[in-house]
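Right, one structure below, let's go through it.
Chain letters run A, B, ... following the sequence lines, proteins first, then strands; residues in each count from 1.
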Amino acid sequence: MAVKLYNTLTRRKEELEPLQPPEITFYVCGPTVYDYIHIGNARVFIIFDVIRRYLNYRGYRVRLIQNYTDIDDKMIRRAAEEGLSVPALADKFIEAYETDTARLLIRPADLQPRATEHIEPIIALIGRLEKRGLAYVSGGDVYFDARSFRNYGQLSHQSTDDLLAGARVEPGELKRDPLDFVLWKGRKPGEPAWKSPWGEGRPGWHIECSSMAMHYLGETIDLHAGGADLIFPHHENEIAQSTGATGKTFARYWLHAGYLNIEEQKMSKSLGNVLTVRRLLDDYNPHDLRFFILSAHYRSPLNFSPELVAGARTGRERLQELVDNLNLALPGSASVPSEPAGAISSMISTARNRFIEAMDDDFNTAGALGALFELAREGNIYLQKGYPYDRQILEQLLGFYREADALFDILKMQSAGSPDEELRRKIALREEARRNKDWSTADRIREELHAQGIILEDTPHGVRWKYRSDA
RNA sequence: GGCGACAUAGCCAAGUGGUAAGGCAGAGGACUGCAAAUCCUUUACCCCCGGUUCGAAUCCGGGUGUCGCCUCCA
């Protein structure tokens, strides 16, 4: 059994065969730090974080690099608008990125280098291209000669002629061919600039990623990933530059995440429908957002709407309910052979197998979630009938969900804790009222607690309490 | 115009040759003082037309529709 993944380059699912197993080198294109990240960005980062975790889970040692693009046209424009220096703008939004992604439970890459801290290697890489005759100076700029790269268009699967049909030259650009792209931009007044053999200036966007990927991970890396919109021109150009400079394969597998639309529409500033993570976290908890995103395949387009997230939340809460109930049942459990433990064990291993099978197949998170739900039914049946509870069964069930959740982070795994004195007293009072069939008192206590964010449930085995998920 | 992806129940969504996972919503039932939670039952001519095959949602061809890329964009 091996992990299979869809490679944009070959348009096929391929078995993952890292260059130097068990090591996997993995580069994800990070944000341009000119604004707060939105839910579409979040989808990308959540997905590749989950993929990274899963590869680790499967025994690989993943080295993940994700860059910050902290110098480009957008940065310069935005800095001017905000009245900040470009580095100050970068600091502000890198901090915002780190806060937002942490709240979404996205784990940071092993390294998150900034382009502006890598000017030297970038210059060296451009120098190599120039030496090989693949780059030329024009005006104060340095351009990559796209047509000199035989396989230009291989990733986006377009011929150079087809690409040419749509290409256009910005005013002020001094390209020989519309397909050429800038490696180094000559200094313009008021813009940040670094010294280089071609005069003062700044790096182009594409070369940053090539340089940082190769600098940290080597000239041939295993996985390179990003949003689908990066396929052309960004990733296409990265291949051209990197392979042009080294003569080697740059990345062996290319992964691209699908778009996230808002209410069937593309997210864009002009439509005014950009949902920032920051805003969204006021209305939704991170687990629900993650669950929602993982409920579709990562390459499919995903539509975002409050109704769809609400539906996802209800489903997620069923899993949470099970975990909470397992946690609550655990303290009162013992080594009592109550239910055929072997039957539960085999259901768990069936679920685990389904989970792994789905994830091995190009990270089918939706299929994997199905396995979690199927086992949840078994777990609930056990909780309903299995009293007194066998500690071993509870722990096995909980263990499986903990294992899966270490990858998905869609559940709150820790127990709610024991009730405080106040709560204990109220529950006892209500129990007494119920024994006396004083339903109005019993209901009043239940409603009071509900208002405080605590839900009471009367089960055949006693009263359970939990925090309201919407509180 | 060029390249490509997708089309599965009211909604979301798996499933790439052997008579359709799962979730949400709905209906009925069990349990409950009432709730809540949970469980059980129930809902699919797999866009259309051809073809290959003993057998196709799955492969091939042709339609239709939706979306994306070709220009900054996750």
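Residue contacts for Leu456(A): at a heavy-atom cut-off of 4.0 Å it reaches a base atom on one of the strands shown. Residue Ile231(A) is out of contact with every strand shown, counting any heavy-atom pair closer than 4.0 Å. Residue Asn364(A) is in sugar-phosphate contact alone, with no base atom involved, counting any heavy-atom pair closer than 4.0 Å across all strands shown. Nucleic acid contact class of Leu369(A) (heavy atoms, under 4.0 Å, all strands): none. At the heavy-atom level, Arg444(A) lies nowhere under 4.0 Å from the strands shown. When heavy atoms are screened at a 4.0 angstrom cut-off, Asn303(A) is found touching no nucleic acid atom at all. Here Arg43(A) lies out of heavy-atom contact (under 4.0 Å) with every strand. As judged by a 4.0 angstrom heavy-atom cut-off over every strand, Gln158(A) is placed among the base-contacting residues. Contacts of Ala366(A) with the nucleic acid, taken as non-hydrogen atoms under 4.0 Å apart, include base atoms.
Between His224(A) and Glu238(A), some side-chain heavy-atom pair lies under the 4.5 Å cut-off. In this structure, the side chains of Glu378(A) and Thr350(A) stay at 4.5 Å or more apart for every pair of heavy atoms. Looking at heavy atoms from C-beta onward, Glu321(A) lies out of side-chain contact with Asn380(A) at the 4.5 angstrom threshold.
Of the candidates A74(B), A37(B), C12(B), A37(B) carries the atom nearest the Glu321(A) side chain, counting heavy atoms from C-beta on. Considering only the side chain of Arg377(A), G23(B) comes nearest among A25(B), U16(B), G23(B). Of the candidate nucleotides U16(B), A35(B), C72(B), C72(B) has the atom nearest to the side chain of Pro233(A). When the nucleotides A74(B), C73(B), U38(B) are ranked by their closest atom to the side chain of Trp205(A), C73(B) comes out on top.
Asp443(A) places its CG atom 12 Å from the P atom of A36(B), with the value rounded to the nearest Å. Remark: C1' of G22(B) and CZ of Phe355(A) are 14 Å apart, rounded to the nearest angstrom. What separates CZ of Phe373(A) from P of C39(B) is a distance of 11 Å, to the nearest Å. Residue Phe291(A) contributes atom CZ, which lies 10 Å from atom P of G23(B) at whole-angstrom precision. Note: NE2 (His256(A)) to C1' (C6(B)) measures 18 Å, nearest angstrom. C24(B) atom C1' lies 12 Å from atom CD of Glu307(A), rounded to whole Å. Atom CG in Leu372(A) sits about 19 Å away from atom P in A13(B), given to the nearest Å. Between the CG atom of Leu302(A) and the C1' atom of C11(B) there is a distance of 14 Å, given to the nearest Å.
Tested against Arg78(A) for a salt bridge (charged side-chain N to carboxylate O under 4.0 Å, His left out), the candidates Asp70(A), Asp35(A), Asp73(A), Asp72(A) yield a single pass: Asp35(A).
U42(B) and G68(B) have their C1' atoms separated by 39 Å, with the value rounded to a whole Å. C12(B) and C47(B) are spaced 14 Å apart, taking the P atom of each and rounding to whole Å. Comparing A30(B) with A35(B), their C1' atoms are spaced 16 Å from each other, to the whole Å. Rounded to whole Å, the separation between the P atoms of C31(B) and A56(B) comes to 46 Å. Comparing the P positions of G28(B) and G15(B) gives an interatomic distance of 34 Å, to the nearest angstrom. When the C1' atom is used for both A25(B) and A13(B), the distance is 14 Å, rounded to whole Å. Taking the C1' atoms as reference points, A7(B) lies 15 Å from U16(B), given to the whole Å. Across G17(B) and C59(B), the matching C1' atoms stand 8 Å from one another, rounded to whole Å.
Applying the Watson-Crick and G-U wobble criteria (two distances, each under 3.5 Å), A20(B) pairs with nothing in any strand. Under the Watson-Crick or G-U wobble criterion, with both distances below 3.5 Å, C45(B) has no partner in any strand shown. Across all strands shown, C31(B) has no partner, as no Watson-Crick or G-U wobble contact with both distances under 3.5 Å is found. Under the Watson-Crick or G-U wobble criterion, with both distances below 3.5 Å, U66(B) is paired with A5(B). In this structure, A37(B) makes no Watson-Crick or G-U wobble pair, since no nucleotide meets both defining distances under 3.5 angstrom.
Looking at which nucleotide of RNA chain B each of Asp458(A) and Tyr6(A) is closest to, the 5′-most match is held by Tyr6(A). Heavy-atom distances to RNA chain B give each of Met267(A) and His157(A) a nearest nucleotide, and the one nearer the 5′ end belongs to His157(A).
Listed pair Arg299(A) / A14(B) fails the phosphate criterion, with no side-chain N or O lying under 4.0 Å from OP1 or OP2. Contact check, Arg318(A) against A37(B): no side-chain N or O comes under 4.0 Å of OP1 or OP2. Between Arg11(A) and A5(B), a side-chain N or O to OP1/OP2 separation shorter than 4.0 Å is absent. Here Tyr259(A) reaches the OP1 or OP2 of C69(B): one of its side-chain N or O atoms lies under 4.0 Å away. Within the 4.0 Å cut-off from OP1 or OP2 of C69(B), at least one side-chain nitrogen or oxygen of Lys266(A) is found.
The pair Asp324(A)-Arg464(A) does not count as a salt bridge, with every side-chain nitrogen at least 4.0 angstrom from each carboxylate oxygen. Between Lys13(A) and Asp362(A), none of the side-chain N atoms (NZ, or NE/NH1/NH2) sits under 4.0 Å from a carboxylate O, so this pair counts as no salt bridge.
A stacking contact links Trp439(A) to G33(B): the aromatic ring centre lies within less than 5.5 Å of the base's six-membered ring centre, and the planes differ by less than 30°.
The base of C72(B) lies outside donor-acceptor range of the side chain of Arg77(A), with no N or O pair under 3.5 Å.
The aromatic rings of Phe355(A) and Phe400(A) lie perpendicular to each other, with more than 60° between the two planes, well past the 30° mark. Ring pair Tyr152(A)/Phe232(A) is perpendicular by interplanar angle, where above 60° counts as perpendicular and below 30° as parallel.
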Sequence neighbours left out, cut at 3.5 Å: what donor-acceptor pairs do the side chains of residues 104-112 of chain A make with other protein atoms?
residue, atom, partner, partner atom, Å
Asp110(A), OD1, Arg52(A), NH2, 3.4
Asp110(A), OD2, Leu64(A), N, 2.7

